[in-house]
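The figures that follow rest on heavy atoms only: side chains count, while hydrogens, waters and symmetry mates do not. Position 1 is the first residue of the sequence, and the numbers go up from there.
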Amino acid sequence: CLFRNFKFYLTEFWEDALEFCRYQFKYGAAQKDGASLKEHIQAASDSPFAAAVPQVEMLEEIAEEPPSLPDAVKFAWSYFLRLNRTRQSGGLGGFSAISHQEMLAYFALEQIIPEPWEVEMIRQWDDIALRHFSDEAERQTKTSKK
C-alpha cells in the first residue's frame with residue numbers, strides 16, 4: 001500500500017519535472033552573447049518592431065509563470081546538472097548520453113546512493129537535453145548554409 005501511494009506521488013510530479021527541464025533547455029540556454037533566449041525574446045517584445053521578430057509568438061508561452069521544479073526532485077536535478085557539465089563529446093560536435101558508468105562514478109565520488117526513480121529521472125532529462133542539443137545543431141547548420 002505504501003509503495004502504491006509513493007508510485008502515485010511520483011506520477012504527480014514526474015511530468016512537472018520533465019516540463020521544467022524542457023523549459024530550461026528551450027528558454028534558459030545561453031545564446032552566443034551569454035543572454036538566454038527568454039531574455040532575447042523579452043527584449044525584442046519591447047521593441048516597436050516586435051511584430052517583425054520571428055520568435056514573438058513564443059512571448060505568450062514565456063510570459064506565463066515558468067514551470068516550477070517539484071521539491072521532491074530537487075536533489076535529482078542537482079545531480080543531473082553536475083553530470084550534464086561533464087558530458088562527453090559524441091564526435092562531429094555532438095554530445096553523448098550520460099552513461100551509467102559516468103553516473104556510477106559520480107555517485108561513488110559524491111558518496112550518494114540514488115533512488116532508482118532518480119536515475120530514471122536523470123535518464124529522461126538527459127533525453128530532453130540530447131534532443132535540445134540535436135535541434136540546436138540542426139538549427140545552426142541551417143543558419144550557416146544561408
Practice problem: Quick one: pull up CZ in Phe133 and CD in Glu136 and give me the separation to the nearest 0.5 Å. | Solution: 9.5 Å
Quiz item: Quick one: are Asp16 and Glu19 in side-chain contact, heavy atoms under 4.5 Å?
Solution: no
Quiz item: Do Val73 and Pro70 have side-chain heavy atoms sitting under 4.5 Å apart?
Solution: yes
Self-check item: Residues in side-chain hydrogen bond (donor to acceptor under 3.5 Å, both in side chains) contact with Ser68, at least two apart in sequence or another chain
Solution: none
Quiz prompt | Rounded distance [0.5 Å steps], CZ in Phe25 versus CG in Asp135 | solution = 12.0 Å
Practice problem: Side-chain contact test, heavy atoms from C-beta onward, threshold under 4.5 Å: evaluate it for Asp126 versus Arg87 and give yes or no. | Solution: yes
Exercise. Indicate yes or no: does Glu15 engage Arg22 in a salt bridge with an N to O separation below 4.0 Å.
Key: yes
Acceptor/donor pairs from residues 104-113 side chains to any protein atom, 3.5 angstrom cut, sequence neighbours excluded:
unit_1, atom_1, unit_2, atom_2, d
Tyr106, OH, Arg82, NH1, 2.6

Quiz item: Given side chains that start at C-beta, do those of His132 and Gln24 come closer than 4.5 Å, heavy atoms only?
Solution: no
Quiz item: What closest approach, in Å, do Ala72 and Phe13 show between heavy atoms, and which atom pair accounts for it?
Solution: CB-CE2, 3.7 Å
Quiz item: According to the interplanar angle, ranging from 0 to 90°, do the rings of Trp125 and Phe80 count as parallel (below 30°), tilted (30 to 60°) or perpendicular (above 60°)?
Solution: tilted
Quiz prompt | Closest approach of Ala97 to Glu102 (non-hydrogen atoms, all atoms of both residues) | solution = O-OE1, 3.7 Å
Quiz item: Out of curiosity, Ile98 CD1 to Thr86 OG1, how far, rounded to the nearest 0.5 Å?
Solution: 6.5 Å
Quiz prompt | Atom pair CD/CE of Gln101 and Met103 - distance to nearest 0.5 Å | solution = 11.0 Å
Self-check item: Ile122 and Trp77: CA distance, side-chain angles, deciding distance, side chain to side chain contact (heavy atoms under 4.5 Å, CB included) verdict
Solution: CA-CA 7 Å; Ile122 291 168; Trp77 180 251; over 6 Å; no
Self-check item: Heavy-atom donor-acceptor pair, Gln124 side chain to Met121 backbone, under 3.5 Å
Solution: no
